[in-house]
Structure formats: C-alpha cells, structure tokens
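Here the structure is a predicted model, which is why all the values come from computation and not from measurement. Count residues from 1 along the sequence. Atoms within a ligand are numbered from 1 in the order they appear, just like the ligands themselves.
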Amino acid sequence: MLNRLSCTVALVCCSASFGFPEIVADGVRDATYPPAKELQACTTTFGDSTDALCDRSDGGSELCNLHATVQNGVLFIFIGGNLESNFNKFDLFIDAKQGGQNVLRTDNPDVDFNGLNRMGGNPGLTFDTCVTPDFYLTVTNGGDPAAMYASAAQLLSLGGGVGAYLGQGVPCTSPIVNQLGIIVALNNSNAAGVGGDGGSVKGAAAVDTGIEIAIPLPVLGYDPAIQQNIRFVAFINSGGHDFLSNQVLGPLPGGSGNLGEPRSVNLANIDGNQYATLVVNPQEQACPPAPPACVSDLNGDGVTDGTDLTLVLGGWGVCP
Ligand SMILES: [Ca+2]
Ligand SMILES: [Ca+2]
Ligand SMILES: [Ca+2]
C-alpha cells in the first residue's frame, strides 16, 4: 500500500512538471514563464544601470517587464530590471483574494522600519479602481559587498494583520529563502532595458534578469475554489518608502516623471492600468461590483445615522 501511494505521488509530481521545466527563483527569467503581462513605457528617472554586475547596481533602478505564473501551487513573479544597491526599495502589492486595501491604511504591520505605513494615510497611496491588494512584499539591497533584505505583510481590509522580516541574502548568489516557502532573488546583470533621460524603452521586453519571487498560494490566502485573477502593482521607491519613482508596473503613461510623495499618489487618476493581471479565470469581470461597505448606510453617504433610520421607518410595515 505504501509503495502504491508513493508511486501515485511520484506520478502526480512528474506529470505536473512534464513539458514544463520547474521554475527556479534565482533572478534569471525561466523559459517556462508566459509572455510579459506588462512592459515599461517610461525611461527611468531613478538612474540607468549600465555596470552589468550581477551582484550589485550602482547606476540605478528600472522595472522593464513583469511575468507571472503559477506552478505546482506556487506563484512565481519575475520582474526584469535592476534594483540599485543603495537601499532604494522594490515594493510589490498582490491582490489575490476578496478584501484588502484600495487605499493604504496606516495601521498595517510595522515592516521595514514601518515603511509600509509610511505610504498610508492622509489620504494614502490609492490603487486603480477594484485593485485591493491583500499582500505586500518589499526588497532592498546595499552595502559593499551588497546584501539583500526582504519583508512582507498582510493587508487586511481593517488593518492589523501579520508582517515579517523574511531574511537576508546576497544578490546574484544567495536568494532569501523564508520558512513560509517564500523565495526572493535578485540579479543585477541588466545593462540594457530602458534608458535614462533621453533614452528609449525599446529594450524593455528583452531583459531577462532582475527580481524573482516565489510565494506558495496558501501564504497569500488564495482560495482555489474561487480562482480569482491575481493582480500585481510594482514600483521602485526611495530608501524611506517616501518618494515614488516613475518605474511602476503596469506602467505610467510614456514620458511621466517621478510620482513623489506616496501618500498623495492616486493611480486611479492616472491614465491606464497601473497593475498587471495574471488571468486565472477568463470569465471574471474586469471590475467586479464592490459589496456594500456598510449595509445599514441606506443612502450611501458614508454614515449610519437618523437619515437612514427615517428611511427604515418610512418603509415600516408589510413589504408587498
Ligand atoms: Ca529563474
Ligand atoms: Ca483583494
Ligand atoms: Ca490608473
């Protein structure tokens, strides 16, 4: 019986990967990834890295392309580009389930020196309509030789939740491997991609080194019964998470400059979708209707008060 079970497990394992070599989260794009979900449309305002060193970037940061796929229950994300070795940040928001935050709050977990909450409140970084991330991950690297660090946090509808420092690694050689099964890798070899000031974005698609992340779907709270499409918002931010670059994916309109103060950025007011979508369910509505936030707020003015009570009393009695 044991042998038979082992045999079945082995078959499932091998048939699942047959024809689709397993992705290795190492910062180098695997051939298994489907075509890019999004390509960069802006030359970088955070410096053009041209030093072609795998283990560091002293020239700047850029986000050229975003690929994503699910393999054997693990979400793999590859972002071609560079992350400057000066402790600037790569910030990634993932919307993989109902709930979450369309506008960042200030009472999320304290991760990366409270950098996540630095982007919330007054009014708070606002995503495109219907994008409600539930998970946050940030990567940074710096020092000489460069070391890399990552943190992650839940984004619950009402704040709170759990966050964690994921660990330390070395760009190019040693990805961060967390006990939850999260892997974060960085390869800074890219010297092409998008240019800097006066340059071109024509090289964005070809970049095959950068940041690569693996996250087991259960860590995201992903519900396999719902099969919700998974959305991503990625950008380069300053060392204090307090000044957004123009390197955003989905991209800003071509020619856009730095976004600046994250709390004041409203991506819904910027043309185009500043998010990428991994389509799991092609039937899913592009923008599912939001459930009422407060069922007792009958007139929808954001408060439950006497006006709503008057509406109830006015309709008191048998309902035909
Ligand atoms: Ca890889
Ligand atoms: Ca969500
Ligand atoms: Ca937008």
Side-chain angles (χ1 to χ4, degrees), residues 20-34 38 41-42 54 65-69 71 74-81 92-105 108 125-136 153-159 161 171-175 177 183-187 189-190 207-215 217 220-223 226-235 244 246 248-254 256 259 265-278 280 284-291 293:
F20 297 95
E22 285 193 25
I23 292 175
V24 179
D26 56 359
V28 180
R29 189 173 77 214
D30 306 70
T32 303
Y33 281 102
E38 295 290 335
C42 298
C54 184
N65 55 63
L66 188 151
H67 298 251
T69 191
Q71 196 180 66
V74 178
L75 173 65
F76 288 90
I77 308 147
F78 173 85
I79 300 99
L92 175 69
F93 294 85
I94 302 177
D95 180 3
K97 62 178 183 178
Q98 298 294 305
Q101 296 173 22
N102 180 250
V103 181
L104 278 187
R105 301 170 56 98
N108 288 309
L125 175 63
T126 303
F127 300 101
D128 275 297
T129 309
C130 300
V131 177
T132 56
D134 336 282
F135 189 85
Y136 167 72
Q154 288 180 307
L155 297 171
L156 302 183
S157 301
L158 298 177
C172 192
T173 53
S174 300
V177 180
I183 303 173
V184 180
L186 170 64
N187 180 316
S189 297
N190 170 54
V207 179
D208 60 3
T209 56
I211 300 162
E212 193 168 22
I213 298 165
I215 309 174
L217 287 178
L220 295 171
Y222 191 77
D223 186 343
I226 294 178
Q227 295 282 297
Q228 177 176 314
N229 293 339
I230 303 175
R231 298 184 180 87
F232 309 91
V233 181
F235 50 71
L244 288 189
N246 74 342
V248 181
L249 285 175
L252 302 173
S256 297
L259 291 174
V265 170
N266 185 337
L267 297 174
N269 290 340
I270 297 175
D271 283 351
N273 292 338
Q274 280 74 48
Y275 61 89
T277 306
L278 171 59
V280 181
E284 183 180 304
Q285 290 178 275
C287 189

TODO: Could I get the full list of salt bridge (Lys or Arg N to Asp or Glu O under 4.0 Å) partners for Arg105, not counting sequence neighbours?
DONE: Asp107
Open item on the list: So does Ala96 get a backbone contact from the side chain of Asp134, meaning a donor-acceptor N/O pair under 3.5 Å?
Closed with: yes
Task: Check: Val28 main-chain N/O paired with Asn187 side-chain donor or acceptor under 3.5 Å - done: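 Not at all, since once roles are kept as given, no pair shorter than 3.5 Å links the two residues.
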Heavy-atom pair with the smallest gap, counting every atom of [X] and [Y]:
X	Y	value
Phe78	Gly27	CE1-O, 3.6 Å
Leu155	Pro133	CB-O, 3.5 Å
Gln228	Glu284	CA-OE1, 3.4 Å
Phe76	Ala214	CE2-CB, 3.6 Å
Val265	Leu244	CG2-CD1, 4.0 Å
Glu212	Asp26	OE1-N, 2.9 Å

Task: Distance (rounded to the nearest 0.5 Å) between Lys97 NZ and Thr132 OG1 - done: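 Result: 10.5 Å between the selected atoms.
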- [ ] Answer yes if the side chains of Gln101 and Tyr136 hold a donor-acceptor pair under 3.5 Å, and no otherwise.
- [x]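 Tyr136 and Gln101 do not have a side-chain donor-acceptor pair below 3.5 Å.
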Task: Protein N/O/S atoms closer than 3.0 Å to the Ca ion (ligand 3) - done: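 Only Asp128 OD1, Leu267 O, Ile270 O, Gly272 O, Gln274 OE1 fall inside 3.0 Å of the Ca ion (ligand 3).
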Task: Heavy-atom check, side chain of Phe235 versus side chain of Leu267, under 4.5 Å - done: no
Open item on the list: For the Ca ion (ligand 2), what is the number of protein N, O or S atoms at a distance under 3.0 Å?
Closed with: 6
Open item on the list: Under 6.0 Å between ring centres: does that hold for Phe127 and Tyr275?
Closed with: no
Open item on the list: At a cut-off of 3.0 Å, what protein N/O/S atoms sit near the Ca ion (ligand 1)?
Closed with: Val24 O, Asp26 OD1, Val28 O, Asp30 OD1, Glu212 OE1, Glu212 OE2
